[in-house]
Every structure is written in C-alpha cells, then in structure tokens.
Protein chains: 2
Amino acid sequence: MTVQKIGKRRTQQREAVLSILQETVGPLSINDIHDLATEYCPDIGIATVYRTIKLLLETDQVVQVILPDGIGRYELPDAAPHQHFLCEECGRAFDLDLGKVSWSKSSFKRKGFRVEDQELCLLGSCPDCR
Amino acid sequence: MTVQKIGKRRTQQREAVLSILQETVGPLSINDIHDLATEYCPDIGIATVYRTIKLLLETDQVVQVILPDGIGRYELPDAAPHQHFLCEECGRAFDLDLGKVSWSKSSFKRKGFRVEDQELCLLGSCPDCR
DNA sequence: CTAAATGCAAAATCTTTGCAGCCTC
DNA sequence: GAGGCTGCAAAGATTTTGCATTTAG
C-alpha cells in the first residue's frame, strides 16, 4: 500500500478515514465514514471527518460524487472512468463499470456546448434489496 | 394552457411559480424561482416557494433534478426521457435530448441489480460561457 | 365569513469555524 | 517543546415549521 500523506501529521483519525476509503468499494457519505471510523476511533468527531475529507479533496486523494439523491459521497480516485448505481431502497451507492457509454452527439453539439465530462447513474434496487 | 390545480386556492404566488416553470426551458433552483417570482410578486417569501414546490412535487406537477453540483432544481414533467447539461462555469442547467443512451448491460446485470431509471448529465461550458 | 395561504421569524438540519487542550514529531 | 490536529460548541447556511395576518372563494 502506498504511503499516503495527509496534512503534516499522521493521526489515528486520519488513518481511520483513509483505511475506510481504501477498504470500501463504492462511494461513502460523511455519515457512513464517520460511523465506520468510530470503530477505529470511538471518539472521532464529525468535524474531523469533514476536515479530513476536505483535505483529501484539496490534494486530489479523494473524489466527490453527488448522485441524484443529492448526498455527497467520497471515494478514492479511480484510474478508469466509471459510473454509479444508486439503490432507491437502501440508499447505498455502488461503482459500476459499464464500459463505453454512448449517445447521439449530433443533437446538441452544433449549438455550442463544449462537453468536458459526463456522469451516468443508474437507479433501482441492489441485490440485497431485491 | 392547461388549467393547473395547486392546492385549494389560486394565489398570485402560486401562479407566479407555475408561470416561471412553464416559461423556462430547463430546470431551475429554488433561488432561481424565487428571484424570478419576485418580478411578479415583489414580496413573495422564500418559504412560499419551498412550500409551493413541495406541493407541486407531491402532485407530480413538477420533477426534482439533482445534478452533480448537488443543487436541487425543478422542472415540469417531460413526456420524453431526457438528459441534462450542467455548465461548470456559470452553473446553469440545460435540458438535452440525446436520444437513446446506451452502455454494456453485460457487466453487472448478472450480479442482481434491477435498473429502473438512469440519469445522464454532461458537464462542460455552455454557449454563453465559451 | 371561513379557512387556506402567506410572510416572518424561530426551529431544525447540515456544514464550517474558533479555540483550548492534546498529541505528533 | 512547538505547533498541527482534535473535540466541542458556537456560527453559518439552508430548509422546514409555527403562528398571526391576509386574502381567495
């Protein structure tokens, strides 16, 4: 595992947040991270989670994902572009790799939009909720 | 124009919100709606906008859209499924019709996800910002 | 007139910030 | 030790709610 640099000091709280992000597949909300971190650091405060995530975002060690439920979630940057699945029943988010997503470029490109990125999210029920 | 039913009474404020949604192409935030509504009803309060939108959502007269910037926006229900474009410079959202969006179903369907909907948002610069 | 709807301000959330004490280095 | 980091609590920001007043029907 790569030695991560978070801020200037290595603390239990930051180790916990980073471990959780590394061990989990799929994006996690601040509350998810805080709940999980509590098992490593029982007294970790939510403010520390916010601060740690902000720090990780600023140093590009974490990526923010906002899915159609409006909840901000965080995951490690992934080399491959990917998509997400949001379970409308339990609210959990999953990473997907759908390969190339294609659509008809013709209908709007001429109107002067410059596309730099795209986000695709599928919604429905996850395996556990079916 | 169809006669809309909002709650039990037809008020200037509700007429204003509905007119704005009808006259605008693309989804609008609560603040957008409030700012625009002020021109019809100078004293309309933001709480009334929240309440009116909530009422319209509950009666399926309006649809909520949350794009990757996390801001909730509202638009009239559209018969045709469509996508959105979010300008990363000015923050405005636009409706798009990209026709059929396709991706490789094979990679996750067998794992037990049931897909009921999908949201595609393109990001970049709008014609005004280029 | 009656009661639904509004505006205001207070309450409820969620996120950020200030600060005294703790803990890395 | 010095100063970065933390937890707590206060401050902001956003959305919802309670209530007296206004207003549609």
Chemist: Taking A/I44's backbone N and O only, do any of them form a donor-acceptor pair with A/H34's side chain (distance below 3.5 Å, no angle check)?
Modeler: yes

Chemist: Take the protein atom CD1 of B/I66 and the nucleotide atom P of D/dT15, then report the distance between them rounded to whole Å.
Modeler: 10 Å

Chemist: Could you check how far CD of B/E58 sits from P of D/dT16, rounded to whole Å?
Modeler: 11 Å

Chemist: In whole Å, I'd like the distance from the NE2 atom of B/H34 to the P atom of D/dT14.
Modeler: 14 Å

Chemist: State, to 0.1 Å, how close B/C126 and B/F85 come at their nearest heavy-atom pair, and which atoms those are.
Modeler: N-CE2, 4.0 Å

Chemist: Without decimals, in angstroms, what is the distance between B/I6 CD1 and D/dG25 C1'?
Modeler: 16 Å

Chemist: Can B/Q83 and A/W103 be counted as having a side-chain donor-acceptor contact under 3.5 angstrom?
Modeler: no

Chemist: Is the backbone N or O of A/K5 less than 3.5 Å from a side-chain atom of A/Q61, with the two atoms forming a donor-acceptor pair by type?
Modeler: yes

Chemist: Strictly under 4.0 angstrom, non-hydrogen atoms only: write out the protein contact profile of nucleotides 13-24 of chain C, one letter per nucleotide from the 5' end, B, S or -.
Modeler: --SBBB-----B

Chemist: Under a 3.5 Å distance rule, please check whether B/T24 uses its side chain to pair with a backbone N or O of B/L21 as donor and acceptor.
Modeler: no

Chemist: What's the CD-P distance between A/E15 and D/dC5, to the nearest Å?
Modeler: 13 Å

Chemist: Return the value, rounded to whole Å, for the distance between atom CD1 of A/I44 and atom C1' of D/dC8.
Modeler: 14 Å

